[in-house]
Amino acid sequence: MIQVDLTNVTKFLPGHYEDELIPRLRQAHEQLQKGSGVGGEFTGWERLTRDYDREEYRRIKEAARRIRENSQALVVIGIGGSYLGARGVIECLRSPNYNLRRKDTPNIYFVGNGLSSDALEEVMELVQDVDFSVNVISKSGTTTEPAVAFRFFRAMLENKYGEEEAARRIYATTDAKKGALKALADEKGYETFVVPDDIGGRYSVLTAVGLLPIAVAGIDMDALMFGAGEMMERCSVADLNANPAWQYAAARHAMYKAGKKIEILACFEPSFRFMAEWWKQLYGESEGKEGKGLFPVSVEFTADLHSMGQYIQQGERTFFETVVRFGPSHHLNLVPYDQQNGDGLNFIAGKSMDFIRQQAMDGTLLAHVEGGVPNVVMYTGPNHEITLGGLIYFFEYSCGLSGYLLNVNPFDQPGVEAYKKNMFALLGKPGYEELGRELHQRLGR
């Protein structure tokens with residue numbers, strides 16, 4: 001169960017800041033619950049754990065079983081919300097070294113999230129001599145990065161297995177009725193799963209977008225959804241004292257109004273790195289518009305205390321921290337006693353790594369507060385499916401509340417089209433010729 005500890009925040013905020021925000025929180029909460037706010041047509045994630053398609057959910061499990069049986073690798077092709085959530089969950093629950101570990105599940109490679117030829121070639125080399133399948137994820141099928149990558153891996157599969165067998169190894173997660181990828185899937189006979197119309201990409205990790213790769217990794221989908229469902233019930237309560245999402249959204253909004261412009265998400269588990277990347281997209285894309293919004297960044301403690309620690313401790317005071325604290329680790333690991341004691345660490349011999357981490361966390365947060373850095377602390381259970389499912393839903397619901405508190409639409413992303421328009425023009429896409437000439441001229445070409 002997630003508990004939000006605001007002890008190290010309240011001293012930096014005006015007294016009774018919550019009382020001033022409760023009427024606005026109540027309004028934002030009602031808009032999320034009813035889908036009546038701006039962008040409300042994209043709030044299907046809010047009730048997803050109750051209303052999801054049971055038949056598709058069954059097919060996801062069956063497809064994952066087939067992939068585990070006939071493939072040594074799964075190539076997941078997608079960008080942004082089409083891969084960050086799945087990768088975050090897999091690395092958090094299985095390991096950042098998942099592909100290197102001994103296991104009875106396939107390696108999973110994520111491509112189509114950039115335009116590096118070398119990175120693409122590396123994955124092609126890694127899978128060329130093994131049996132593999134592909135999960136291509138795109139609402140339209142025309143997003144440049146995944147569409148280009150899919151051309152390469154589709155050709156690899158067809159050359160390796162022939163068109164008919166290749167089609168059985170391609171799983172398309174796309175629009176239910178329209179789009180280039182849906183049309184190709186229907187033509188070739190790929191099994192398809194749905195990117196829901198009422199759920200945007202960054203909120204889609206608990207749909208087929210994230211669940212198929214997650215299930216291939218052997219992660220318990222039922223437990224993940226159960227944890228999210230439990231959190232959905234907690235977040236449905238219109239009470240600041242009972243709803244952790246209200247508490248988090250209120251604190252971060254008050255921090256923003258008090259002049260903090262950056263939120264640093266920190267965790268003392270390296271496996272959390274890509275969950276933090278997912279969180280950055282969720283909040284950055286939802287809030288960063290109309291000249292508003294906290295800038296979301298992340299750090300990995302204690303590693304980044306040896307690189308960013310100096311700035312966090314004594315740099316410009318424009319940020320606050322949100323710290324995710326998981327419960328006990330899966331492994332005890334007591335520090336060995338060393339007869340020579342050359343490193344001077346025998347004073348912690350016999351202590352567990354968890355105990356040492358706990359003291360490091362407490363010492364770090366105390367030091368940062370003394371240095372003028374407020375921090376919100378999220379206490380969670382152990383790092384397992386139920387905990388992570390709850391954390392995903394918690395962050396999503398808090399994000400929706402936060403967007404409405406800022407008076408922005410937390411479910412659109414109009415700004416991301418700017419780079420695409422310029423890229424298409426520079427590449428010579430039909431219809432962009434005039435802009436292309438202008439941009440080439442500006443670039444001195």
Side-chain angles (χ1 to χ4, degrees), residues 2-9 12 80 83-85 87-93 95-97 110 113 202 205 248-249 251-253 255-256 258-288 293-327 329 353-354 356-380 382-383 387-388 391-392 394-396 398-399 402:
I2 293 172
Q3 293 183 319
V4 180
D5 185 350
L6 301 176
T7 304
N8 293 335
V9 164
F12 294 91
Y83 94 101
L84 282 172
R87 183 166 183 177
V89 171
I90 291 168
E91 291 203 3
C92 194
L93 294 178
S95 170
N97 301 310
F110 293 91
N113 46 66
R202 57 191 180 273
V205 60
Y248 178 45
R252 62 194 307 277
H253 186 76
M255 283 288 170
Y256 178 70
K260 303 299 183 186
K261 301 304 180 184
I262 300 167
E263 180 177 9
I264 301 176
L265 184 69
C267 187
F268 285 73
E269 281 293 341
S271 64
F272 195 73
R273 177 189 168 197
F274 263 88
M275 284 306 302
E277 294 298 316
W278 168 79
W279 173 89
K280 285 192 288 189
Q281 184 197 2
L282 180 66
Y283 281 83
E285 208 167 68
S286 297
E287 292 188 301
L294 286 158
F295 184 69
V297 299
S298 61
V299 291
E300 178 192 312
F301 289 160
T302 61
D304 285 335
L305 291 174
H306 294 259
S307 58
M308 293 296 293
Q310 172 62 40
Y311 188 93
I312 293 172
Q313 190 67 42
Q314 294 183 328
E316 197 171 353
R317 307 290 78 177
T318 56
F319 57 85
F320 69 96
E321 295 174 298
T322 294
V323 183
V324 175
R325 296 183 66 156
F326 284 112
S329 299
M353 290 294 292
D354 265 9
I356 298 169
R357 181 186 63 172
Q358 177 79 19
Q359 311 320 306
M361 283 193 249
D362 290 341
T364 299
L365 297 185
L366 286 171
H368 288 180
V369 170
E370 290 168 0
V373 181
N375 46 67
V376 178
V377 182
M378 307 287 184
Y379 287 95
T380 77
N383 181 16
T387 296
L388 199 58
L391 193 62
I392 288 168
F394 164 81
F395 276 135
E396 289 178 344
S398 302
C399 187
S402 295

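As a basis for the values below, the full set of heavy atoms in this structure was taken, side chains included, without hydrogen atoms, waters or symmetry mates.
- Once rounded to the nearest 0.5 Å, the distance linking CD of Glu287 with CZ of Phe295 reads 12.5 Å.
- Asn375 contributes atom CG, which lies 8.5 Å from atom NE2 of His368 (distance to the nearest 0.5 angstrom).
- Side chain of Trp278 to main chain of Arg202: a donor-acceptor pair is present (N/O by atom type, distance under 3.5 Å, no hydrogens or angles).
- The side-chain heavy atoms of Glu396 and Val205, taken from C-beta on, include a pair separated by under 4.5 Å.
- Between the CZ atom of Arg325 and the CD atom of Gln3 there is a distance of 12.0 Å, given to the nearest 0.5 Å.
- In this structure, Asn383 and Cys92 approach most closely via the heavy-atom pair ND2-O, 2.8 Å.
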Next on the checklist: What verdict does the side chain to side chain contact (heavy atoms under 4.5 Å, CB included) test give for Thr364 and Thr302, after you've listed the backbone C-alpha separation in whole Å, the side-chain angles of each residue and the deciding distance to 0.1 Å?
Outcome noted: CA-CA 9 Å; Thr364 299; Thr302 61; 5.5 Å; no
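- The closest side-chain heavy-atom distance from Trp279 to Phe272 is not below 4.5 Å.
- Contact of the Tyr311 side chain with the Glu316 side chain is registered, since non-hydrogen atoms from C-beta on lie closer than 4.5 Å.
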Item to check | side-chain hydrogen bond (donor to acceptor under 3.5 Å, both in side chains) assessment of Thr322 paired with Arg252 | outcome: CA-CA 9 Å; Thr322 294; Arg252 62 194 307 277; 5.9 Å; no
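- The shortest non-hydrogen separation linking Val89 to Met275 is N-SD, 3.5 Å.
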Item to check | Full working for side-chain hydrogen bond (donor to acceptor under 3.5 Å, both in side chains) between Gln310 and Gln314 | outcome: CA-CA 6 Å; Gln310 172 62 40; Gln314 294 183 328; 2.7 Å; yes
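- When all heavy atoms of Leu6 and Ala251 are compared, the pair lying nearest together is CD2-CB, 3.8 Å.
- In this structure, Leu388 CG and Phe326 CZ are separated by 6.0 Å, a value rounded to the nearest 0.5 Å.
- Between Met378 and Val4, the closest side-chain pair of non-hydrogen atoms falls below 4.5 Å.
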Item to check | From CA spacing to verdict: side chain to side chain contact (heavy atoms under 4.5 Å, CB included), Phe394, Tyr248 | outcome: CA-CA 9 Å; Phe394 164 81; Tyr248 178 45; 3.6 Å; yes
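- If you take CG on Leu265 and CD on Glu277, they are separated by 10.0 Å, rounding to the nearest 0.5 Å.
- Atom CZ of Arg357 sits in a crowded spot, with more than 12 heavy atoms from other residues, nucleotides or ligands closer than 6.0 Å.
- Considering all non-hydrogen atoms of both residues, Met255 and Pro374 come closest at CE-CB, 3.2 Å.
- Judged by the 6.0 Å distance and 45° axis criteria, Lys261 is not positioned over the aromatic ring of Phe319.
- We find the SG-CE distance between Cys267 and Met361 to be 8.0 Å, quoted to the nearest 0.5 Å.
- Counting heavy atoms from C-beta outward, Val369 and Phe12 have side chains that approach closer than 4.5 Å.
- The side-chain heavy atoms of Phe301 and Val323, taken from C-beta on, include no pair separated by under 4.5 Å.
- Shortest non-hydrogen contact noted between Arg317 and Ile312 is NH2-O, 2.7 Å.
- Between Ser402 and Ala249, the shortest heavy-atom distance links the atoms OG-CB, 3.7 Å.
- Between Tyr283 and Phe395, the ring-plane angle classifies as perpendicular under the 30° and 60° cut-offs.
- Pro96 places a side-chain heavy atom less than 4.5 Å from the side chain of Glu91.
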Next on the checklist: Before you tell me yes or no, could you show the steps for Met308 and Val297 under side chain to side chain contact (heavy atoms under 4.5 Å, CB included), namely the whole-Å CA-CA distance, both residues' side-chain angles and the distance that decides it to 0.1 Å?
Outcome noted: CA-CA 12 Å; Met308 293 296 293; Val297 299; over 6 Å; no
